[in-house]
Amino acid sequence: MDFKSKLINWYSINKRELPWRKTKNPYNIWLSEIILQQTQVKQGLPYYVAFTAKYPTIFDLAAASETEVLKLWQGLGYYSRARNLHATAKYIANELNGEFPNNYKDLLKLKGVGDYTASAISSIAFNEIAAVVDGNVYRVLARYFGIDTPINSTTGIKEFKKLATQLIDTKKPDVYNQAIMEFGALHCKPKNPNCTNCPFETSCVALQKNSVETLPVKLNKTKVTTKYFNFLVCIDSENRILFEKRTHKGIWQNLYQFPLIESEKSLSSEEFQLLNIDNSLLKTLKFDYSLYNESDIVHKLSHQHLYTKFWIIEVNKLPQTAIPLDSITNYPTPVLISDFINHFSFK
DNA sequence: AAGGCGGGGTC
DNA sequence: GACCCAGCCTT
C-alpha cells in the first residue's frame with residue numbers, strides 16, 4: 001500500500017466521530033474550520049455545538065450583532081476569528097445571497113480564510129483537490145520524509161505545500177486531508193508518538209534515523225512581555241458599574257472590560273492612590289477604594305504575561321455611561337475579566 | 001520576513 | 001517552565 005492508502009486505512013479504523021464530519025454543508029465546514037484554527041478539537045467542540053444551535057444557517061449568523069457573536073466566542077481566544085467570521089457571514093448572506101464560494105480560489109478571498117482553511121473547505125465540502133497543510137501535516141510529513149527545513153520559513157512553507165499536493169489522494173481529497181490531520185493529532189503526536197505500533201514503522205525516515213523527537217524544526221520563539229494592569233471596578237449606590245469596549249487594536253479588540261490603568265510595575269495601595277489624583281475619571285468623584293487581590297493575578301497569554309490587580313471603587317453616583325450590574329454578563333469579556341466577575345461577590 | 005494575536009492541554 | 005494546537009493578518 002502507498003502512503004495515502006495506508007493513511008486512509010488508518011483513518012477508517014481510528015477516526016473520531018465529530019459533528020462536522022456528518023455534513024457536507026459548507027457553512028458548517030467553514031464554521032468548524034475557523035473554530036479549529038490553532039485550537040484543539042476538545043476545546044473547540046462545545047463552541048461548534050453552541051454556534052450551530054444558535055445560528056443554524058449563515059443567515060442566522062449574519063443577522064446577529066458582533067457583540068452577540070463575540071459573547072458566544074468568549075473564552076476561545078484569537079477573537080479576530082469571531083469578528084472575521086461575522087463579517088464574512090454578512091458578506092455571504094447579503095452580497096452572495098447566501099451562496100457559499102465553492103472553490104479554493106474564491107474561498108481564499110474571504111476574511112479569516114487563508115491557505116489552510118480554503119484548502120480544507122474546498123476539499124471537504126466540494127471535493128476539490130487542495131492539500132491542507134496544518135500543524136499536524138507539517139509534523140507527519142517532516143517525520144515520514146525526514147525533512148528538517150524549518151516549517152515556518154518561507155522555503156519550508158512552499159516545500160511542504162508542494163509535497164502535500166503531490167501526496168493527496170485525488171479520488172478522495174476530502175477523506176485524505178482529514179486522515180492525515182487526524183493521524184497527526186492522535187498517533188503522530190508532538191510528544192510520545194506511537195512509533196512502536198505505527199503503519200509507517202518500516203518507511204518512516206525519522207524513525208529509522210532516530211530523529212522523531214527533533215522533527216519538525218521550527219524557528220522563532222515568541223518572546224513574552226510583561227504588563228501591569230489595574231482594573232477599576234467602579235460601582236455606585238444604584239448597583240451600576242463602569243464597563244467599556246476595547247476599541248483599539250491589540251488584544252481583546254471589541255471585548256469589554258472595567259476601566260483599565262496600565263502601570264510600569266505592580267502598584268501598592270499608596271501608589272495607586274497617588275495615581276488617581278490625575279485620573280480624569282475619578283477626579284470628580286468622591287470614592288472609597290479597596291484592593292480585591294493583594295497578590296497579582298497573573299494571566300498568561302502566548303506573548304504577554306499580565307500582572308493584574310482589581311481595585312474595588314465605591315462611589316455615590318456614576319455617570320450615565322455606567323451599566324446595570326445585572327447586565328454585565330451580557331457583554332463579551334476576556335477570561336481574565338469573566339473569572340473575576342464569577343468569583344467576586346457583588347453586593 | 002517577522003511579530004501580534006488567547007486560552008487550554010501536555011509533559 | 002517549554003511547547004503545541006484543523007492559522008491569519010498586518011507591518
Side-chain angles (χ1 to χ4, degrees), chain A residues 15-16 18 20-21 29-48 70 73-85 87-88 107-121 123-125 130-140 150-158 160-161 164 174 176-186 188-193 213-225 227 246 248-255 298-306 332-339:
Chain A
K15 69 175 180 182
R16 293 168 286 187
L18 297 170
W20 48 86
R21 289 186 175 154
I29 303 297
W30 165 68
L31 179 59
S32 74
E33 292 300 342
I34 301 300
I35 287 173
L36 293 173
Q37 288 170 3
Q38 291 291 286
T39 304
Q40 296 195 346
V41 167
K42 191 201 294 187
Q43 188 186 6
L45 180 55
Y47 286 83
Y48 176 85
L70 283 170
W73 198 271
Q74 179 178 305
L76 196 56
Y78 284 153
Y79 296 95
S80 66
R81 291 184 293 171
R83 299 192 301 270
N84 288 332
L85 183 83
T88 294
L107 286 162
L108 196 56
K109 297 174 186 169
L110 301 175
K111 275 188 183 179
V113 174
D115 177 79
Y116 163 76
T117 305
S119 300
I121 300 172
S123 63
I124 296 170
V132 294
V133 184
D134 73 333
N136 294 304
V137 176
Y138 279 122
R139 187 170 55 257
V140 172
I151 61 173
N152 55 345
S153 65
T154 304
T155 56
I157 292 168
K158 287 174 62 179
F160 282 95
K161 180 71 179 184
D174 51 343
Y176 171 85
N177 274 341
Q178 296 185 80
I180 190 169
M181 290 191 286
E182 189 81 334
F183 182 72
L186 300 182
C188 194
K189 298 177 291 183
K191 302 290 183 185
N192 302 323
E213 308 269 337
T214 60
L215 293 176
V217 175
K218 195 173 183 179
L219 298 176
N220 304 340
K221 323 258 186 233
T222 57
K223 68 168 185 185
V224 177
T225 59
K227 292 184 176 177
R246 292 179 64 95
H248 56 84
K249 285 172 35 175
I251 61 171
W252 304 330
Q253 187 178 6
N254 290 4
L255 273 62
V298 185
H299 189 74
K300 294 184 177 180
L301 309 180
S302 51
H303 52 291
Q304 291 183 35
H305 288 182
L306 309 176
T333 70
V335 166
L336 175 61
I337 302 297
S338 57
D339 278 352

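Since the structure is predicted, the reported quantities are computational estimates derived from the model, not experimental observations. Here is the naming used below: chain letters follow the sequence lines, and residue numbers restart at 1 for every chain.
For B:dG8 and C:dC9, the P atoms lie 24 Å apart once the distance is rounded to whole Å. A gap of 14 Å separates the P atoms of C:dA6 and B:dC11, to the nearest Å.
Residue A:K300 contributes atom NZ, which lies 14 Å from atom P of B:dG8 at whole-angstrom precision. Atom P of nucleotide B:dG4 and atom CG of A:N152 are separated by 15 Å, given to the nearest angstrom. Rounded to an integer number of Å, the gap from A:K218 NZ to C:dA2 P is 15 Å. If you measure from atom CG of A:L45 to atom P of C:dC5, you get 19 Å, rounded to the nearest angstrom. A:R81 places its CZ atom 9 Å from the P atom of B:dG6, with the value rounded to the nearest Å. One atom, NZ of A:K191, and another, C1' of C:dC5, lie 14 Å apart when rounded to the nearest Å. Remark: P of B:dG4 and CG of A:L306 are 14 Å apart, rounded to the nearest angstrom. Rounded to whole angstrom, the span from the CD1 atom of A:I337 across to the P atom of B:dG7 amounts to 10 Å.
One finds a side-chain N or O of A:W252 lying less than 4.0 angstrom from the OP1 or OP2 phosphate oxygen of B:dG7. Taking only side-chain nitrogens and oxygens, A:H303 never comes nearer than 4.0 Å to OP1 or OP2 of B:dG4.
Applying side-chain contact (heavy atoms from CB on, under 4.5 Å) to A:W30 and the options A:I35, A:I124, A:L107, A:I121 leaves one that passes, A:I121. Across A:T117, A:D134, A:V132, a single residue satisfies side-chain contact (heavy atoms from CB on, under 4.5 Å) together with A:E33, and that is A:T117. Applying side-chain contact (heavy atoms from CB on, under 4.5 Å) to A:M181 and the options A:L186, A:V41, A:V133, A:N136 leaves one that passes, A:N136.
Contacts of A:V335 with the nucleic acid, taken as non-hydrogen atoms under 4.0 Å apart, involve only primed sugar atoms and P, OP1 or OP2. Across all strands, A:L76 comes closer than 4.0 Å to base atoms (heavy-atom distances). Residue contacts shown for A:G44 are absent, as no nucleic acid heavy atom lies under 4.0 Å away. Backbone-only contact: A:K42 has heavy atoms under 4.0 Å from sugar-phosphate atoms and none from a base. A:Q253 comes within 4.0 angstrom of no nucleic acid atom, judged by non-hydrogen atoms across all strands.
The main-chain N or O of A:L219 is found under 3.5 Å from a side-chain atom of A:N152 such that the two form a donor-acceptor pair. Under a 3.5 Å cut-off, the side chain of A:S153 and the backbone N or O of A:I151 do not form any donor-acceptor pair.
Mapped onto DNA chain B by nearest heavy atom, A:S302 and A:K189 fall at different nucleotides, with A:S302 at the one closer to the 5' end.
At a threshold of 4.5 Å between non-hydrogen side-chain atoms, the residues A:L76 and A:R81 count as touching. Under the 4.5 Å side-chain criterion, counting only non-hydrogen atoms from C-beta, A:K300 is not in contact with A:V224.
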Spell out protein contact along nucleotides 6-11 of chain C as letters: B when the base is contacted, S when just the sugar-phosphate is, - when no protein heavy atom is under 4.0 Å; keep the 5' to 3' order.
-> BBSSSS
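The aromatic rings of A:W20 and A:Y48 sit perpendicular to each other, their planes meeting at more than 60°, with 30° as the lower class boundary.
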